[in-house]
K.L.:
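Take this structure, written in structure tokens, and hold onto it; I'll ask about it next.
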There are 2 protein chains.
Amino acid sequence: MARNIPEAPALPLNTIMPGDSADAMDSLPECSVDLIFADPPYNLQLRGNLHRPDNSRVDAVDDHWDQFESLKAYDAFTRRWMRAARRVLKPDGAIWVIGSYHNIFRVGAALQDQGFWLLNDVVWRKTNPMPNFRGKRLTNAHETMIWASKSESSRYTFNYEAMKAANEGVQMRSDWTFPICTGHERLKNERGEKAHPTQKPEALLHRLLVATTNPGDVVLDPFFGTGTTGAVATMLGRNFIGIEREAEYRELAAQRIARVRSLDPAALEVTTSKRAEPRVAFGQLVERGMLRPGEELLSGNGRHSARIRADGTLAGDGFKGSIHQVGAAMEGAPSCNGWTYWHYRREGKAVSIDTLRQQIRAELATSQIN
Amino acid sequence: MARNIPEAPALPLNTIMPGDSADAMDSLPECSVDLIFADPPYNLQLRGNLHRPDNSRVDAVDDHWDQFESLKAYDAFTRRWMRAARRVLKPDGAIWVIGSYHNIFRVGAALQDQGFWLLNDVVWRKTNPMPNFRGKRLTNAHETMIWASKSESSRYTFNYEAMKAANEGVQMRSDWTFPICTGHERLKNERGEKAHPTQKPEALLHRLLVATTNPGDVVLDPFFGTGTTGAVATMLGRNFIGIEREAEYRELAAQRIARVRSLDPAALEVTTSKRAEPRVAFGQLVERGMLRPGEELLSGNGRHSARIRADGTLAGDGFKGSIHQVGAAMEGAPSCNGWTYWHYRREGKAVSIDTLRQQIRAELATSQIN
DNA sequence: TAAAACACTGAATCCAAAC
DNA sequence: GGTTTGGATTCAGTGTTTT
């Protein structure tokens with residue numbers, strides 16, 4: 001290059017930066033990241049203590065980082081980090097922000113005001129939300145995510161076919177159903193308490209990253225917490241940059257991500273071409289972690305095997321496609337019911353993947369009651 | 001009344017007012033309606049009127065120039081009608097606003113800025129949304145409704161038990177699933193075309209009105225369209241006030257509502273909560289001889305006991321006070337419902353004292369029949 | 001050992017009448 | 001109008017203890 005352009009500082013890929021979100025983003029080169037996922041404080045304005053009907057006390061989010069003096073102060077905070085985020089985003093980049101009714105309207109208006117172009121609002125429906133204990137309102141059973149590109153003209157990433165494959169062969173909708181983060185996935189601190197009050201489920205980030213990034217992309221999370229974004233990005237072969245103010249969270253997140261194994265690149269290939277779409281819910285098993293990308297499936301007769309890919313398709317013996325297509329190809333048959341054809345291994349035994357589909361159907365049946 | 005207060009103008013109940021929404025609301029008496037349902041437009045087509053000073057084409061680099069102008073105009077429109085709505089709302093009244101991601105964030109922020117108190121955001125999940133034909137985004141399968149009271153201290157209406165009963169006995173959630181308005185319910189004009197582009201399903205208004213109004217309440221809809229709110233309100237024994245600018249819509253709505261038959265009042269009764277039942281003092285049980293002073297009461301778990309005193313208080317383990325206070329003190333709990341906590345012995349069995357309260361309430365109910 | 005019972009928990013703007 | 005008091009109120013799930 002003939003011109004004397006100062007070299008841009010290298011991106012601190014796959015590390016967790018300390019300090020304030022906006023300050024840290026300002027230290028990064030502009031137009032350098034592909035996607036931003038932001039889970040900012042919600043500004044809950046809780047009054048007194050809340051007790052369950054059995055008189056146990058609800059462990060509320062009363063952390064100092066969620067306290068703001070006024071809506072005006074919250075707006076100033078929002079616009080500050082959002083402007084910094086906008087600067088580091090590539091022209092064709094996009095942003096996701098998650099929130100509840102307490103803050104999401106401020107966030108959405110700020111995005112529009114700063115020139116972001118809204119693509120969808122996505123509802124995370126919780127299968128197991130906390131009830132409204134006093135019976136004074138509706139059960140607050142969802143959170144809202146806003147997906148926006150940097151500008152109206154951005155050529156943003158959207159893996160349409162992968163989403164369609166993960167949704168029984170029909171277009172992915174704007175409402176996504178997942179359980180809240182509990183059990184073994186929920187990080188604990190040394191005292192055995194939940195490490196972070198608002199840890200998000202990995203399944204949510206899995207779908208989001210498969211939908212709107214490609215392998216090798218750079219994903220920035222300015223409110224990193226205990227690192228769900230980093231863990232899922234690493235598993236999916238994406239690079240991450242985390243920013244987190246609290247040292248304890250940084251430490252836990254780093255340990256967590258160190259335990260994550262990246263998936264084989266073949267498993268990360270996203271289906272791009274059109275194909276005859278069977279009605280497959282197989283992708284949900286992967287998003288929910290019931291089956292791992294890269295895991296091997298066996299045919300019932302034991303003669304064939306294939307590996308699971310992150311977008312809910314299979315690959316093996318040179319064949320790629322849905323569970324039905326690959327099964328049919330391997331058997332040289334005109335068609336094949338992948339649900340009964342394929343089995344996974346658990347404790348030495350081969351179990352039909354159809355049992356997993358039945359589990360999900362049972363969940364949906366209870367959670368989709370009006 | 002001694003003072004010379006001018007009589008408030010009568011409300012134009014169950015009629016459709018012409019003209020601009022905000023102007024019409026300004027002509028109504030303040031603090032006079034129980035609920036407002038607003039389905040404001042967001043396709044104001046402001047962009048066509050905007051020109052740069054030099055008439056140059058707006059190109060991709062700064063193509064959000066006109067976006068800012070139209071957002072500003074939309075905000076002004078929103079704040080104008082919303083302020084008028086706020087004025088006519090009773091202090092304990094509430095408002096619902098429905099919108100999509102194009103406008104709902106402006107609406108929600110405006111509600112908060114004007115002092116409304118957000119109660120829930122509710123997601124209308126469409127079972128049959130229009131697909132995204134270009135495959136560039138997620139299927140836009142929901143709309144968002146915001147439910148807010150006039151102020152933080154408003155004692156808003158919420159028929160908790162009715163909602164719970166309508167949801168298989170568990171609390172109603174913040175996501176509601178309904179099909180979009182099609183078929184016979186969809187109003188047609190004389191040319192056989194759909195009469196209104198955004199007609200809402202009656203099922204949606206049905207649930208909303210049952211949840212947050214009582215029979216006889218006044219429901220105002222400032223963007224009346226073809227009158228879904230008026231039709232459902234009439235069927236449910238609520239009064240409505242509609243405002244609609246377009247004469248064609250007013251005419252269709254009036255015809256539609258004229259065809260509606262109100263439901264029988266008995267059908268409109270909703271499951272009452274215990275809160276609505278008359279209070280009974282524990283002392284009444286002693287006065288009536290249902291329980292004797294000196295008699296021992298047992299906690300349901302059998303771990304505690306107390307003795308009844310002649311004035312209707314309890315004493316035990318060094319604690320004295322109401323049935324609630326003594327129960328709470330013995331359990332070390334912040335509060336306690338003494339009616340369900342305490343039991344008395346009859347023929348060797350422990351019987352809840354709440355059965356005695358129910359006897360008294362039954363007597364009161366029969367004695368109040370004229 | 002299996003089944004049943006019990007304890008605990010999750011981003012929550014969570015009461016209202018009487019004095 | 002602030003304070004006191006009565007008393008109404010929970011779903012899905014995980015993990016542990018008891019039967």
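So you know, we letter chains A, B, ... as the sequences are listed, proteins then strands, and number each from 1. Excluded from the calculations below are hydrogen atoms, water molecules and symmetry mates; all remaining heavy atoms, backbone and side chain alike, are included.
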K.L.:
Heavy atoms only, 4.0 Å cut-off, all strands: where does E161(B) land among base, sugar-phosphate and nothing?
P.N.:
sugar-phosphate
K.L.:
Touch check for E152(B), heavy atoms < 4.0 angstrom, all strands: base, sugar-phosphate only, or nothing?
P.N.:
nothing
K.L.:
Give none if dT17(D) has no partner; otherwise give the nucleotide forming a Watson-Crick or G-U wobble pair with it, both distances under 3.5 Å.
P.N.:
dA4(C)
K.L.:
Taking only side-chain nitrogens and oxygens of S322(B), does any of them come within less than 4.0 Å of OP1 or OP2 of dT5(D)?
P.N.:
no
K.L.:
Taking the C1' atom of each, how far is dC8(C) from dT10(D), in whole Å?
P.N.:
13 Å
K.L.:
Is the base of dA12(C) touched by the side chain of S100(A) through a donor-acceptor pair closer than 3.5 angstrom?
P.N.:
no
K.L.:
Give the nucleotide from the list dT5(D), dT13(C), dT10(D) with an atom nearest to the side chain of Q45(A).
P.N.:
dT13(C)
K.L.:
Which one, dG13(D), dA12(C), dT13(C), comes nearest to the side chain of V58(A)?
P.N.:
dA12(C)
K.L.:
At 4.0 Å (heavy atoms only), tell me whether D354(B) reaches a base, stays on the sugar-phosphate, or touches nothing.
P.N.:
nothing
K.L.:
Counting any heavy atom closer than 4.0 Å, what does K164(B) reach on the DNA or RNA strands: base, sugar-phosphate only, or nothing?
P.N.:
sugar-phosphate
K.L.:
Among dG15(D), dT10(D), dA11(C), which is the nearest nucleotide to the side chain of H184(A)?
P.N.:
dG15(D)
K.L.:
Among dA11(C), dC11(D), dC14(C), which nucleotide sits nearest the side chain of N132(A)?
P.N.:
dC14(C)
K.L.:
Using the C1' atoms only, state how far dG13(D) lies from dT13(C), rounded to an integer number of Å.
P.N.:
26 Å
K.L.:
Given dT13(C), dC15(C), dA18(C), identify the nucleotide with an atom nearest to the side chain of L118(B).
P.N.:
dT13(C)
K.L.:
Does W96(B) form a side-chain contact (heavy atoms from CB on, under 4.5 Å) with I146(B)? I'd like the steps, not just the answer.
P.N.:
CA-CA 5 Å; W96(B) 288 85; I146(B) 303 175; over 6 Å; no
K.L.:
Between H196(A) and W65(A), how do the two ring planes meet: parallel, tilted or perpendicular, split at 30° and 60°?
P.N.:
parallel
K.L.:
Work out how far the P atom of dC14(C) is from that of dA12(D), and round it to whole angstrom.
P.N.:
23 Å
K.L.:
Are the charged groups of R307(B) and E295(B) less than 4.0 angstrom apart, N to O?
P.N.:
no
K.L.:
Whether the side chain of R137(A) and the base of dT13(C) hold a donor-acceptor pair under 3.5 Å is what I'd like checked.
P.N.:
yes
K.L.:
Counting only side-chain N and O atoms of K194(A), is one of them less than 4.0 Å from OP1 or OP2 of dG10(C)?
P.N.:
yes
K.L.:
Where does dT10(D) land, syn or anti, given syn is within 90° of 0?
P.N.:
anti
K.L.:
Which part of the nucleic acid does G99(A) contact within heavy-atom distance under 4.0 Å: base, sugar-phosphate only, or nothing?
P.N.:
nothing
K.L.:
Using a cut-off of strictly less than 4.0 Å, decide whether K136(A) has a side-chain nitrogen or oxygen near OP1 or OP2 of dA16(C).
P.N.:
yes
K.L.:
Between D175(B) and R173(B), is the closest basic N to carboxylate O distance under 4.0 Å?
P.N.:
yes
K.L.:
Checking all strands, does R357(B) fall into the base, sugar-phosphate, or nothing category for heavy-atom contacts under 4.0 angstrom?
P.N.:
sugar-phosphate
K.L.:
Is it possible for you to check whether R106(A) lies under 6.0 Å from the centre of the six-membered ring of Y74(A), through NZ or CZ, and within 45° of that ring's axis?
P.N.:
no
K.L.:
With a 3.5 Å limit on both atom pairs, tell me what dA11(C) is paired to, counting Watson-Crick and G-U wobble, or say none.
P.N.:
none
K.L.:
Is the aromatic ring of W117(B) within stacking range of dT13(C), meaning centres under 5.5 angstrom and planes under 30 degrees?
P.N.:
yes
K.L.:
So which nucleotide from dG10(C), dA12(C), dA8(D) ends up closest to the side chain of R134(A)?
P.N.:
dA8(D)
K.L.:
Under 4.0 Å between any heavy atoms, over every strand shown, what does N140(A) touch: base, sugar-phosphate, or nothing? Just pick one.
P.N.:
sugar-phosphate
K.L.:
For the pair made of CG in N55(A) and P in dC8(C), what is the distance, rounded to whole Å?
P.N.:
13 Å
K.L.:
If you assign R275(B) and P40(A) each to the DNA chain C nucleotide with the nearest heavy atom, which residue ends up on the more 5' nucleotide?
P.N.:
P40(A)
K.L.:
Applying a 4.0 Å non-hydrogen cut-off, can you work out what C181(A) is touching in the nucleic acid: base, sugar-phosphate, or nothing?
P.N.:
nothing
K.L.:
Looking only at the side chain of K274(B) (C-beta and beyond, no hydrogens), which of the listed nucleotides dA11(C), dA12(C), dT9(D) gets closest?
P.N.:
dT9(D)
K.L.:
Does H324(B) have a side-chain nitrogen or oxygen under 4.0 Å from the phosphate oxygens OP1 or OP2 of dG7(D)?
P.N.:
yes
K.L.:
For the side chain of K200(A), counting heavy atoms from C-beta on, which of dG10(C), dA12(D), dA11(C) is nearest?
P.N.:
dA11(C)
K.L.:
If you compare every side-chain N and O of R279(B) against the phosphate oxygens of dT5(D) (OP1, OP2), does one of them come in below 4.0 Å?
P.N.:
no
K.L.:
Got a salt bridge between E143(A) and K126(A), using NZ or NE/NH1/NH2 to carboxylate O under 4.0 Å?
P.N.:
yes
K.L.:
With rounding to whole Å, what would you report as the distance between dA11(C) and dG6(D) at their P atoms?
P.N.:
35 Å
K.L.:
Between the base of dG10(C) and the side chain of R52(A), is there a donor and acceptor pair under 3.5 angstrom?
P.N.:
yes
K.L.:
Closer than 4.0 angstrom, basic N to acidic O: yes or no for R357(B) and E277(B)?
P.N.:
no
K.L.:
Between dC11(D), dG7(D), dA12(C), which nucleotide has the shortest distance from any of its atoms to the side chain of S335(B)?
P.N.:
dG7(D)
K.L.:
Just checking, R125(B) and W176(B): is the charged tip under 6.0 Å from the six-membered ring centre and within 45° of the axis?
P.N.:
no
K.L.:
Would you please confirm or rule out a distance under 4.0 Å between OP1 or OP2 of dA8(D) and any side-chain N or O of N337(B)?
P.N.:
yes
K.L.:
If dT9(D) has a Watson-Crick or G-U wobble mate with both distances under 3.5 Å, name it; if not, just say none.
P.N.:
none
K.L.:
In Watson-Crick or G-U wobble terms, both distances under 3.5 Å, what is the partner of dA17(C)?
P.N.:
dT4(D)
